[in-house]
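We count ligands from 1, going down the list as the structure has it; atoms in each ligand are counted the same way. The basis for the numbers below is simple: all heavy atoms, side chains too, and nothing from hydrogens, waters or symmetry mates. Remember, predicted model here, so these are calculated numbers, not experimental data.
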Amino acid sequence: MASILPASNRPMRPDKNAYEGKRSVYVKNPYLDAMDEDILYHLDLGTKTHNLPAMFGDVKFVCVGGSPNRMKAFAQFMHKELQLEGDGEDIEDICAGTDRYCMFKTGPVLSISHGMGIPSISIMLHELIKLLHHARCCDVTIIRIGTSGGIGIAPGSVVITDTAVDSFFKPRFEQIVLDNVVTRSTELDKELAADLLSCSREIPNFPTLIGHTMCTYDFYEGQGRLDGALCSFSQEKKLDYLRRAHKAGVRNIEMESTVFAAMCGLCGLRGHQQPEIKVSKTTQEVKSTNDDVILVPSSAGRPG
Ligand SMILES: O=P(O)(O)O[C@H]1O[C@H](CO)[C@@H](O)[C@H]1O
Ligand SMILES: O=c1cc[nH]c(=O)[nH]1
């Protein structure tokens with residue numbers, strides 16, 4: 001039986017910075033401070049081997065996304081936007097010692113890849129949150145920039161997630177802790193969503209909307225695809241499911257948002273997630289006409 005995370009939704013100790021108008025990054029682990037050394041194994045960083053406050057203390061924004069190349073390209077884009085010295089082409093992967101994730105820093109912006117799915121992003125977030133804590137960062141905003149399949153919206157649209165929901169359209173993330181199910185909230189920062197929407201309005205031809213994002217554990221059956229190695233439902237069942245998702249406010253589907261929202265919310269990171277609807281063969285499109293929702297076959301028909 002699932003239980004809502006109890007008092008531990010609150011920080012473990014008073015946040016001194018809160019009185020100074022700053023918002024710290026919390027870890028919620030009573031064992032951490034007693035450890036002689038913290039090795040951030042999958043990032044190839046550690047408290048004894050690296051001066052984390054010097055390397056990361058000025059970080060204010062963290063942008064995460066699945067693929068290493070995309071996050072490198074994003075870091076190079078930020079380099080230009082921030083008008084930093086050089087052309088940014090030779091930007092260094094801070095996690096080059098591991099091939100699990102890659103990480104780039106451009107001024108106060110950290111750009112990190114997280115792989116695909118909840119377990120992969122969750123490992124990265126544990127180590128990233130500890131990194132920001134050890135570096136004594138405050139007022140950090142984190143944004144996931146990813147691809148997703150749209151429901152009832154035009155391909156190419158950007159969905160700014162207000163709430164991440166699970167496959168039952170519920171705003172929750174069920175974390176298995178030992179042999180217990182712990183349910184965590186997946187609300188995201190509404191003010192940040194509104195800010196991002198208003199920024200998008202300044203860019204011409206940039207279709208953007210706020211909506212719920214559904215997070216699944218699987219790309220194929222979990223997202224109603226008929227062309228995986230396994231398929232245990234009919235076309236009608238698929239359409240019925242996508243229509244119900246749309247009716248529940250879901251506007252896109254991806255595979256990390258619930259754990260992202262849950263972990264960032266608990267650890268004091270102002271979180272958002274802004275997946276773009278990929279204009280690709282993989283997009284599952286359902287168009288909305290008045291009250292009804294009809295499926296629009298994707299142009300190329302099959303996932304790539
Ligand atoms: O575009 P990224 O960030 O990789 O994320 C999306 O793409 C992957 C599936 O193709 C899933 O990880 C999904 O969440
Ligand atoms: O999870 C995902 C990611 C991209 N496109 C989809 O249709 N689903």
Side-chain angles (χ1 to χ4, degrees), residues 62-75 77 99-104 110-125 128 142-161 163-167 169 173 186 188 207 209 211-229 231 233 238-239 241-243 245-246 250-264 271-287 293 295-304:
V62 182
C63 293
V64 304
S67 112
N69 282 337
R70 191 196 317 146
M71 297 326 287
K72 182 175 185 183
F74 176 76
F77 168 78
D99 57 3
R100 296 293 186 182
Y101 306 107
C102 70
M103 180 192 288
F104 306 93
L110 212 52
S111 169
I112 313 174
S113 69
H114 57 61
M116 286 194 282
I118 287 173
S120 183
I121 193 175
S122 155
I123 295 166
M124 188 281 282
L125 286 174
L128 167 69
I142 180 164
I143 299 177
R144 183 178 119 70
I145 311 167
T147 61
S148 62
I151 301 185
I153 57 176
S157 303
V158 171
V159 176
I160 300 174
T161 311
T163 303
V165 298
D166 66 10
S167 298
F169 322 136
F173 172 62
T186 54
L188 288 153
L209 60 131
H212 298 351
T213 294
M214 181 163 77
C215 180
T216 65
Y217 283 93
D218 170 50
F219 185 81
Y220 287 97
E221 288 187 294
Q223 297 188 13
R225 285 193 166 78
L226 299 171
D227 53 2
C231 184
F233 49 84
K238 161 196 170 145
L239 293 183
Y241 180 66
L242 294 177
R243 280 193 194 98
H246 187 268
V250 173
R251 293 295 174 268
N252 65 336
I253 315 177
E254 49 75 273
M255 299 178 63
E256 291 85 16
S257 55
T258 49
V259 71
F260 172 88
M263 289 184 72
C264 295
H272 229 290
Q273 101 122 33
Q274 194 178 19
E276 184 185 349
I277 307 305
K278 214 164 132 191
V279 190
S280 81
K281 298 178 266 185
T282 59
T283 303
Q284 305 252 340
E285 296 161 45
V286 179
K287 256 200 180 145
V293 180
L295 185 88
V296 176
S298 79
S299 46
R302 299 188 58 76

Show the atoms of ligand 1 that are less than 4.0 angstrom away from any heavy atom in [X].
| X | answer |
| --- | --- |
| Glu256 | 5 (O), 11 (C), 12 (O), 13 (C), 14 (O) |
| Glu254 | 14 (O) |
| Phe219 | 9 (C), 10 (O) |
| Gly146 | 1 (O), 3 (O) |

Subject >> Option set Gln223, Arg144, Arg70, criterion heavy-atom distance to atom 5 (O) of ligand 1, minimum >> reply: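 The residue whose heavy atom sits nearest atom 5 (O) of ligand 1 is Arg144.
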**OP:** Counting heavy atoms only, name the option from Glu256, Met116, Arg225 that's nearest to atom 7 (O) of ligand 2.
**Re:**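 The option holding the nearest heavy atom is Arg225.
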**OP:** Mind checking ring-ring contact (aromatic ring centres under 6.0 Å, His included) for Tyr217 and listing every partner two or more places apart, or none if nothing turns up?
**Re:**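 None.
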**OP:** Using the test ring-ring contact (aromatic ring centres under 6.0 Å, His included), find all partners of Tyr241 that sit at least two apart in sequence or belong to another chain.
**Re:**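 Counting only residues at least two positions away or on another chain, Tyr241 forms a ring-ring contact (aromatic ring centres under 6.0 Å, His included) with Phe169.
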Test your reading of the model: is there a side-chain donor-acceptor pair from [X] to the backbone of [Y], 3.5 Å cut-off?
| X | Y | answer |
| --- | --- | --- |
| Thr186 | Ala164 | yes |
| Ser111 | Met71 | yes |
| Arg144 | Cys63 | no |
| Ser113 | Cys102 | yes |
| Glu254 | Glu256 | yes |

Subject >> Any N/O pair Gln223/ligand 2 closer than 3.5 Å >> reply: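 Yes; the residue has a nitrogen or oxygen that sits under 3.5 Å from a nitrogen or oxygen of the ligand.
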**OP:** Please could you name the atoms of ligand 2 that Glu254 approaches to less than 4.0 Å, counting only its heavy atoms?
**Re:**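 Contacts of ligand 2 toward Glu254, numbered from 1: 1 (O).
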Nitrogen or oxygen atoms of [X] and ligand 1 under 3.5 Å apart:
| X | value |
| --- | --- |
| His114 | no |
| Met255 | yes |
| Gly66 | yes |
| Thr147 | yes |

Subject >> 4.5 Å side-chain heavy-atom contact, Asp227 and Tyr220 >> reply: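 Result yes, sub-4.5 Å side-chain heavy-atom pair found.
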Subject >> Flag if over 12 foreign heavy atoms under 6.0 Å of CZ, Arg70 >> reply: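 Buried by this count: over 12 neighbours within 6.0 Å.
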**OP:** Quick one: look at Ile253 and ligand 2, take heavy-atom pairs under 4.0 Å, and tell me if it's side chain, backbone, both or neither.
**Re:**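 The answer is the backbone of Ile253.
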